[in-house]
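Everything numeric here is computed off the predicted structure, so don't read it as measured data. Here is how names work: the chains are called A, B, and so on, in the same order as the sequence lines, proteins then strands, and each is numbered from 1.
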There are 4 protein chains.
Amino acid sequence: MPKIGMRDLRRAQLIDATLQSIDESGLSGTTLATVAQHAKISTGIVSHYFGGKDGLLEATMRHVLHDLWEATVRRRLAAKDEPRARLRAIVAANFDVSQVNAPVMKTWLAFWAESMHQPVLRRLQRVNTRRLHSNLCAEFEKVLPGAAARRAASGLAALIDGLWLRGALTGEPFDTKAALRVANDYIDLLLETRAKPRSGKSAK
Amino acid sequence: MPKIGMRDLRRAQLIDATLQSIDESGLSGTTLATVAQHAKISTGIVSHYFGGKDGLLEATMRHVLHDLWEATVRRRLAAKDEPRARLRAIVAANFDVSQVNAPVMKTWLAFWAESMHQPVLRRLQRVNTRRLHSNLCAEFEKVLPGAAARRAASGLAALIDGLWLRGALTGEPFDTKAALRVANDYIDLLLETRAKPRSGKSAK
Amino acid sequence: MPKIGMRDLRRAQLIDATLQSIDESGLSGTTLATVAQHAKISTGIVSHYFGGKDGLLEATMRHVLHDLWEATVRRRLAAKDEPRARLRAIVAANFDVSQVNAPVMKTWLAFWAESMHQPVLRRLQRVNTRRLHSNLCAEFEKVLPGAAARRAASGLAALIDGLWLRGALTGEPFDTKAALRVANDYIDLLLETRAKPRSGKSAK
Amino acid sequence: MPKIGMRDLRRAQLIDATLQSIDESGLSGTTLATVAQHAKISTGIVSHYFGGKDGLLEATMRHVLHDLWEATVRRRLAAKDEPRARLRAIVAANFDVSQVNAPVMKTWLAFWAESMHQPVLRRLQRVNTRRLHSNLCAEFEKVLPGAAARRAASGLAALIDGLWLRGALTGEPFDTKAALRVANDYIDLLLETRAKPRSGKSAK
DNA sequence: TATGAATGAGTGTTCATTCAT
DNA sequence: TATGAATGAACACTCATTCAT
């Protein structure tokens, strides 16, 4: 008798095993055999459920992205309906526990490298990059003129990713508090420019 | 008679071939054969000069890092001896043409992913991460109190890396001008805090 | 309560699915999964009814041979009780619709290749080869001396198989009419030798 | 130092190993490992020289076809310039020792089965089928009217293939003498029709 | 120094077969 | 009787590395 939901259970189990294996050995050191070993099932079943290794990485990344977006929605809903609070919520979502644990961070790094050469992954990556930017834009535009808002969004998006990146590369537990402080300070600085607009001659 | 410098010539030639191959196929798609093909030499010679594939990536990354540090030193020397100018010089070095071309950007991404699992690469990566931070710190400390300076350095380092990362991931030519503007604006904002220090209650 | 004849129904269904799958993908491209898919049943049931893939091919081939023999008997009974008519009937049976459709032709070709290495199939193939020869012999012996009759039977058997083979290999619908004409002409030529026996010095 | 002709030597060696392996285990039982074993070299080298298993079978079949065509040319040149002698030469070429040994016969059978589903092999097979027919046609047309010549060619081509096929399927050494006698007798019968043309109403 | 032929372990993937339900 | 999830051995193919020349 086929268990209802067996397919989803297995897929979740395999995605988890993939994250573990990438954590241990990196993507290049992750084989269907290591994934199967972590999941304590046979190798054949991995290809059976995901159609191959590529499908497995894609599914894993979709899972990670889903968690990120879910965290973003959740935190935004919980925040006061005000730009500063909303921006802080978005920032916090990017440093959510679902995003700053070792398996996920290593998977992100591998994903970026692969996305440069795999169309399917590239598409996922672009959607995510744009989503963060447009989320930030939406808030900044409430208080800043268009061009300045877009620049602010670019800056904050970059700062978020940069903080995340540098935190990930340490190899040590992510210092969420420090990252939040730097990012939130940046938000404050950007919002302050509202009052006394900058000269705009700063670009080299 | 072995030509003087033959070894260095070959190594430079192979490093260049490696960058090309990574540009074309990514690190996972790069084999000693593809590198040899790009360099128009035999496969055996690669292992001979670098001891293997790992040595090749390490050497390639050392080369890229060397270019970055060289650009940093050059631009700092050319800058006025003043924090703002020096900071701008450091920022510009990170967006130097030697760092924002496709082969190098893809190699950086691959390097980060690999550095999480290869001690040799990890060491390289740490040195670089710290070097940027301490360079920035040195300038900020001239005008900001210790803690604030370190925070500013962390922020600017993250922004630089984040701008670089988001630029690299587009897959299109890097928009240096836009990146410089965002980063330099951030410098200005950070330096302005000197006058009216922030309250420090911004962290969540 | 198991339905009476369920077993035979399933077997017929699976044999048909096997022929379809071989038609589509060849024997080497036919798996128990493709057979099950064509029969719209589960994979496990195939092994259950035939004990495995080998048993399936054997049963399929027995089915095809049964059709051939059945056609031979039917057409011989319908023919006048006279050597020429009987021989024509045997020829026609070998080009019966049950033998010259794409699924069956491709299965025959695969069967021949496999029969060289599988004792069970080899036995089937030998029985069939000999049956055709002895059927032809029986008729020729009514009008030709023993040695000549056997030689005539060998020739006609080979011509039948050769016409069938070349027709099968075209990949297009089998031209039964043309094959019949060539074979029947050969029968006529062979029977004419009765009057003016050949010299027998023709062999090299 | 690369030996001149190493490539051709290896290819010949591997083709021979393939024929041996097919003789032993059939095409379906032939793997790159069994071929490598027969050639006493490593498995990787097979794919290296032929690009894969498909390339290996194609090359092997090209080799067999080359032998057949070479035998045909050789024997035709040696024959008297007269239709009957030429036809006998063509027949004999098809039963040449290069074509009636066990490894080659089993390879032919496998080739036919595969050619139904592999375009590359199908093309080879068609060329060969047509070549025999047109070679025979060329001779028959010297002494028979067009339509009769083509029919004679079809008949003889089929008889040749049929004799070859039935001889191959026995699994015992090919009885070349018997095959030649039957085929040559058929040639004689066909050429005799020149004098007293047949009625043409023989087709069913 | 330089070659590239050769190796053989390792990879993703397929598939006949088994078995709990 | 029937299912299809699961197994695990087998496969073609890749590739870093070695080594005779």
Touch class at under 4.0 angstrom, heavy-atom based, for B:Thr43 against every strand present: base
Whole angstrom value for the distance that separates P of F:dC15 from CG of B:Asp54: 15 Å
Nearest atoms (heavy-atom pairs only) where A:Leu19 meets A:Pro103: O-CB, 3.5 Å
Reported NZ-to-CD distance for the pair D:Lys106 and D:Glu24, which is rounded to 0.5 angstrom: 9.0 Å
Touch class at under 4.0 angstrom, heavy-atom based, for C:Gly44 against every strand present: base
Earlier contact from the 5' end, DNA chain F, for C:Ile41 and A:Lys40: C:Ile41
Out of E:dT13, F:dA6, F:dA12, whichever nucleotide has its closest atom nearest the side chain of A:Arg10: F:dA6
Nearest-angstrom distance from the residue atom NZ of B:Lys53 to P of F:dT18: 15 Å
Distance, rounded to the nearest Å, where B:Arg11 contributes CZ and E:dA2 contributes P: 13 Å
Toward the 5' end of DNA chain F, by each residue's nearest nucleotide, D:Gly51 or B:Ala33: D:Gly51
Which residue lies more 5' along DNA chain E, comparing A:Gly29 with A:Ile45 via nearest heavy atoms: A:Gly29
Distance in angstrom units between B:Leu56 CG and F:dC15 P, rounded: 15 Å
Spacing of A:Leu27 atom CG relative to E:dG12 atom P, expressed in whole Å: 10 Å
Residue D:Met6, side-chain heavy atoms: nucleotide from E:dT3, F:dA5, E:dA5 that is nearest: E:dA5
Separation of E:dA5 C1' from D:Leu14 CG (nearest whole Å): 13 Å
E:dT1 OP1/OP2 closer than 4.0 Å to side-chain N/O of B:His48: yes
Protein-nucleotide distance (C:Leu32, atom CG; E:dT17, atom P), rounded to Å: 6 Å
Shortest non-hydrogen contact from D:Leu27 toward D:Glu114: CD2-CG, 3.6 Å
Nearest-angstrom distance from the residue atom OH of A:Tyr49 to C1' of E:dT14: 17 Å
Pairing nucleotide - F:dT21, Watson-Crick or G-U, each distance under 3.5 Å: E:dA2
Proximal nucleotide (of F:dT1, F:dA16, E:dG8) relative to the D:Ser42 side chain: E:dG8
Geometric class of the C:Trp112/C:Trp108 ring pair [parallel <30°, tilted 30-60°, perpendicular >60°]: tilted
Closest non-hydrogen atom pair between C:Leu109 and C:Leu169, with its separation: CD1-CD2, 4.1 Å
